[in-house]
> 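First, the structure itself, so that you have it in front of you.
Just so we're clear, the structure is a prediction, and the values are computed from it rather than from any experiment.
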Amino acid sequence: MVVTRFAPSPTGYLHVGGARTALFNWLYARRTGGRFILRVEDTDQKRNTPTATQQVLRDLRWLGIDWDEGPDVGGPHKPYHQSQRGEIYARYVKQLLEQGKAYYCFDTPEELEALRAKAGPGFAYARPEQFPTDEDAARARAEGRPVAVRFAVPQDREFIVDDVIRGQVRFRPGEVGDFVIQKSDGFPTYHFAVVVDDELMGVTHVIRGQEHLMNTPAHLALQEALGFRTPVYAHMSVTVSPDGGKLSKRERPKVLRQAIQAMGDVDVEALAQAASLSAEDVESFLAGKSVPDMPAIDAMAAALGVSLPEINVVDFFRSGYLPETMVNFLALLGWNPGDEREVMDVQELIAAFELERLTKSNSLFDRKKLMSFNTEHIKRLPADRLLRHYRAFLQETANPATQADDATLMRILELCRGARTLAEIEQKCRFLFVEDDQVVYEDKAVRNVLHKHDGLGVLAEIEKNLKDWTAVTAEAVENLLRRLAEQRGVGLGKIAQPLRVALCGNTISPPIGDTVGLLGLDRTRRRIRRALEGCTQNP
RNA sequence: GGCCCCAUCGUCUAGGCAGGUCUAGGACACCGGGUUUUCAACCCGGCAACAGGGGUUCGAAUCCCCUUGGGGCUACCA
């Protein structure tokens, strides 16, 4: 039975790279009828934040990635937080110590730094002739020195990683230096915890980023020393950002900083307040000295109206992408079904997924293509599913449209066929959810539409024609406009646009008949009147 | 610096392991045209790639080597 896992370290939101790793592991488990485990690698006390785990789980659920074992669902190998598995790791550390395969060391960070500086690049920890005893360790502890444990990596043999994607990768003897397996705070290091947990949890296939390929010989050595199995390894290509380099969460703060610097003078106090930071924090961020957490970054961007590149899964949700899109797109980054299918649903993805078809080379995250996938998925998704996604999207930002009933939202969704994101739909139908006297008239629209080609005159004529209507249909409205266009000998655009601007304040809305239909006669008349009265001055 | 991985249109990729059927296929983007009542969507057409150099072979995008380029790792982070 195939067992895969995703093991995020909860240092922030789940980003797309992590989501892709999770997805591939999940797809493979689902494809083979195996099990998928979620394990939280929270052994770094300095970096983990308490809310991050919940956010990561939430992001995975949004994507539709479920786990058979892990936080919230439990399982036979609990606990699934590494921070709670201390005793287990301690047992194996003890075993290695007793077998003389690992040893204590007492260096302070400063001493280590000095050694590294002296040795230059290619530093390898010098293994002592005699390993310190338990008594030595106790004494060191009593003296307040840090006590860590290093694994004595066999130096006389080569290690061969047998990788599904890359074939055999050889590492010469002496290539892997002795590395720390237990930190002085008592926590295991990543290298140690993965090896132990993968063994204990019965993981058969390790699918992870290529950046881990160089760590694998160390894991192999550890497995051998502990008498563990070696799982099947698949080191996937990495997703890179358009300007080269790994797609990283650091991109958002970077873009924000550049945007602010480009704006010239900004109100630091206001910014600090928006992000609930101190002015010093903001200054320090702008100077490139520090980086606040993601919610603070998001808050500042929102306050300034700067749009940041989406990096985290939640960013794509907020930008109006569907989980179906993300899953489809991410799956195609470094994998393909071997035929010419591209837009696929999850079931198709699962049915077609094979490790053998993973690509070796890195790929660029192309937001343009992502958007085109989203357009396709919006089109092909059943109405009720789309409605659910749209409600979730509206709720995320407490949009007034949340108040609308299902029938209204369904109608909106229908009218917005062809939209590329949920955000576009929201924008296109926002006019429905503002009060008639709150419509904001965009300068550009007023200038180009109402004040050209006798836009106001057209509007007045429409008002006159609408006066004694008692009911309205999209068709009737369009017939009226068509008639007026004919009378004036102009295109429909010259007639429809002034009305659209009067009703929406801008030039974007569903087909004009439907726009009036959604609004109803009274609100339409009120808005026409207001436009006629308020937009006589050229802005 | 050392070690490791990778290399087909601008981008994601098919083809490569079993060399000829590849005058290299698809998708996104882009360009041109059409449809149109705005934004989208839609329809038609077009541009565009085997990184370079050596081999092996009757024959190489496909196999080997070198160069170049890109990426990664080199922590008491994961």
> Please measure how far the C1' atom in B/rA49 lies from the corresponding atom in B/rC22, and state the result in whole Å.
13 Å
> Which of residues 366-379 of chain A sit near RNA chain B, with a heavy atom under 4.0 Å from it?
A/D366, A/K368, A/K369, A/S372, A/T375, A/E376, A/K379
> Under 3.5 Å, which N/O atoms of the protein pair with N/O atoms of nucleotides 3-8 of chain B?
{"unit_1": "B/rC5", "atom_1": "O2'", "unit_2": "A/R166", "atom_2": "NH1", "d": "2.5"}

> In whole Å, I'd like the distance from the CG atom of A/L480 to the P atom of B/rU37.
15 Å
> Just verifying a value: how many Å separate A/L112 CG and A/F123 CZ, rounded to the nearest 0.5 Å?
5.5 Å
> Sticking with atom C1', work out how far B/rC58 lies from B/rC17, rounded to a whole angstrom.
23 Å
> For A/F329 and B/rU13, what is the distance between atoms CZ and C1' respectively, to the nearest whole Å?
12 Å
> May I have the list of side-chain donor-acceptor pairs in residues 328-340 of chain A shorter than 3.5 Å, sequence neighbours left out?
{"unit_1": "A/N328", "atom_1": "OD1", "unit_2": "A/M344", "atom_2": "N", "d": "2.8"}
{"unit_1": "A/N328", "atom_1": "OD1", "unit_2": "A/H377", "atom_2": "NE2", "d": "2.8"}
{"unit_1": "A/N328", "atom_1": "ND2", "unit_2": "A/E342", "atom_2": "O", "d": "3.0"}
{"unit_1": "A/W335", "atom_1": "NE1", "unit_2": "A/E354", "atom_2": "O", "d": "3.4"}
{"unit_1": "A/N336", "atom_1": "OD1", "unit_2": "A/G338", "atom_2": "N", "d": "2.8"}
{"unit_1": "A/N336", "atom_1": "OD1", "unit_2": "A/R357", "atom_2": "NH2", "d": "2.9"}
{"unit_1": "A/D339", "atom_1": "OD1", "unit_2": "A/R341", "atom_2": "N", "d": "3.0"}
{"unit_1": "A/D339", "atom_1": "OD1", "unit_2": "A/R341", "atom_2": "NE", "d": "3.2"}
{"unit_1": "A/D339", "atom_1": "OD2", "unit_2": "A/R341", "atom_2": "NE", "d": "3.2"}
{"unit_1": "A/D339", "atom_1": "OD2", "unit_2": "A/R341", "atom_2": "NH2", "d": "3.2"}

> Please tabulate the protein-to-nucleotide N/O contacts below 3.5 Å involving nucleotides 14-17 of chain B, giving atom names and distances.
{"unit_1": "B/rA14", "atom_1": "OP1", "unit_2": "A/N336", "atom_2": "ND2", "d": "2.7"}
{"unit_1": "B/rG15", "atom_1": "OP1", "unit_2": "A/R357", "atom_2": "NH1", "d": "3.4"}
{"unit_1": "B/rG15", "atom_1": "OP1", "unit_2": "A/R357", "atom_2": "NH2", "d": "3.3"}

> Atom CZ of A/R380 and atom P of B/rC42: how far apart are they, to the nearest Å?
13 Å
> Round to a whole Å and report the spacing from CE of A/M236 to C1' of B/rG71.
15 Å
> Among pairs that include at least one residue of residues 170-179 of chain A, which meet side chain to side chain donor-acceptor pair (under 3.5 Å), considering only residues two or more places apart or in two chains?
A/Y103-A/D178, A/R127-A/D178, A/E158-A/R170, A/E158-A/R172
> Between C1' on B/rA29 and CZ on A/F365, what's the gap in Å once rounded to a whole number?
15 Å
> Rounded to whole angstroms, how far apart are CD1 on A/I508 and P on B/rU37?
17 Å
> Base, sugar-phosphate, or nothing for A/G334, non-hydrogen atoms under 4.0 angstrom?
sugar-phosphate
> Could you work out the separation of B/rC42 and B/rC9 based on their P atoms and round it to a whole Å?
27 Å
> Checking base pairs now: Watson-Crick or wobble, both atom distances under 3.5 Å. What partners B/rC58?
B/rG20
> If the C1' atom of B/rC47 is compared with that of B/rG32, how far apart are they to the nearest Å?
10 Å
> Quick one: list whatever passes ring-ring contact (aromatic ring centres under 6.0 Å, His included) with A/H235, sequence neighbours left out.
A/Y233
> Taking only the C1' atom of each, what is the distance from B/rA41 to B/rU35 in whole angstrom?
11 Å
> What nitrogen or oxygen pairs link the protein and nucleotides 61-64 of chain B at under 3.5 Å?
none

> Using atom types as modelled and distance alone, determine if a side-chain donor or acceptor of A/T421 lies under 3.5 Å from a backbone N or O of A/G320.
no
> Could you tell me whether A/L492 contacts a base, only the sugar-phosphate backbone, or nothing, with contacts defined as non-hydrogen atoms closer than 4.0 Å?
base
> Looking at B/rU35, which nucleotide sits across from it as a Watson-Crick or G-U wobble partner, both distances under 3.5 angstrom, or is there none?
none
> Would you confirm whether A/R85, through its side chain, and A/P79, through its main-chain N or O, come within 3.5 Å as a donor-acceptor pair?
yes
> List in chain and number order the residues that pass ring-ring contact (aromatic ring centres under 6.0 Å, His included) with A/F151, two or more places apart in sequence or in another chain; answer none if no residue qualifies.
A/F179
> Could you pull out all residues at least two apart from A/Y441 that satisfy ring-ring contact (aromatic ring centres under 6.0 Å, His included)?
none
> For A/Y190 and A/N215, which I'm curious about, is there any donor-acceptor pair between the side chains at under 3.5 Å?
no
> When you match A/S237 and A/R420 each to their closest nucleotide on RNA chain B, which lands nearer the 5' end?
A/S237
> Please collect all side chain to side chain donor-acceptor pair (under 3.5 Å) contacts where either partner lies in residues 488-500 of chain A, sequence neighbours excluded, each pair once.
A/D454-A/R488, A/E461-A/R488, A/Q497-A/R500, A/R500-A/S509
> B/rA14 and B/rG26: how far apart are their P atoms, nearest whole angstrom?
15 Å
> For atom C1', what is the distance between B/rA61 and B/rU21, given to the nearest Å?
15 Å
> Indicate yes or no: does A/R411 engage A/E414 in a salt bridge with an N to O separation below 4.0 Å.
yes
> Using purine N1 to pyrimidine N3 plus N6-O4 or O6-N4 for Watson-Crick, or N1-O2 and O6-N3 for G-U wobble, each under 3.5 Å, what pairs with B/rC50?
none
> For the pair made of CG in A/L332 and C1' in B/rU11, what is the distance, rounded to whole Å?
13 Å
> Any side-chain donor-acceptor pair under 3.5 Å between A/D59 and A/Q55?
yes
> Under the ring-ring contact (aromatic ring centres under 6.0 Å, His included) rule, collect the residues that match up with A/F316, sequence neighbours excluded.
A/Y321, A/F365
> Tell me the closest heavy-atom pair linking A/Y80 and A/G70, and the distance in Å.
CG-CA, 3.5 Å
> Can A/R20 be said to sit on top of A/F24's aromatic six-ring, NZ or CZ under 6.0 Å from centre and within 45° of the ring axis?
yes
> Nearest whole Å is fine: how far is B/rU38 P from A/N448 CG?
14 Å
> Given that both distances must come in under 3.5 Å, which nucleotide forms a Watson-Crick or G-U wobble pair with B/rC3?
B/rG72
> Measure all distances between protein nitrogen or oxygen atoms and nitrogen or oxygen atoms of nucleotides 74-78 of chain B, and list the pairs falling under 3.5 Å.
{"unit_1": "B/rC76", "atom_1": "OP2", "unit_2": "A/R150", "atom_2": "NH2", "d": "3.3"}
{"unit_1": "B/rC76", "atom_1": "O2", "unit_2": "A/S184", "atom_2": "N", "d": "2.6"}
{"unit_1": "B/rC76", "atom_1": "O2", "unit_2": "A/S184", "atom_2": "OG", "d": "2.9"}
{"unit_1": "B/rC76", "atom_1": "N3", "unit_2": "A/S184", "atom_2": "OG", "d": "3.3"}
{"unit_1": "B/rC76", "atom_1": "N4", "unit_2": "A/D107", "atom_2": "O", "d": "2.3"}
{"unit_1": "B/rC77", "atom_1": "OP2", "unit_2": "A/K183", "atom_2": "NZ", "d": "3.3"}
{"unit_1": "B/rC77", "atom_1": "O2'", "unit_2": "A/D44", "atom_2": "OD2", "d": "2.8"}
{"unit_1": "B/rC77", "atom_1": "O2'", "unit_2": "A/R47", "atom_2": "NE", "d": "3.4"}
{"unit_1": "B/rC77", "atom_1": "O2'", "unit_2": "A/R47", "atom_2": "NH2", "d": "3.4"}
{"unit_1": "B/rA78", "atom_1": "OP1", "unit_2": "A/T43", "atom_2": "OG1", "d": "2.7"}
{"unit_1": "B/rA78", "atom_1": "OP1", "unit_2": "A/K183", "atom_2": "NZ", "d": "2.7"}
{"unit_1": "B/rA78", "atom_1": "OP2", "unit_2": "A/Y190", "atom_2": "N", "d": "3.0"}
{"unit_1": "B/rA78", "atom_1": "O3'", "unit_2": "A/E41", "atom_2": "O", "d": "3.4"}
{"unit_1": "B/rA78", "atom_1": "O3'", "unit_2": "A/E41", "atom_2": "OE1", "d": "3.1"}
{"unit_1": "B/rA78", "atom_1": "O2'", "unit_2": "A/S9", "atom_2": "OG", "d": "3.3"}
{"unit_1": "B/rA78", "atom_1": "N6", "unit_2": "A/N215", "atom_2": "OD1", "d": "3.4"}

> Taking atom P in both B/rC43 and B/rA27, what distance in whole Å separates the two?
11 Å
> Okay, side chain of A/E442, backbone of A/V440: is any donor-acceptor separation there less than 3.5 Å?
no
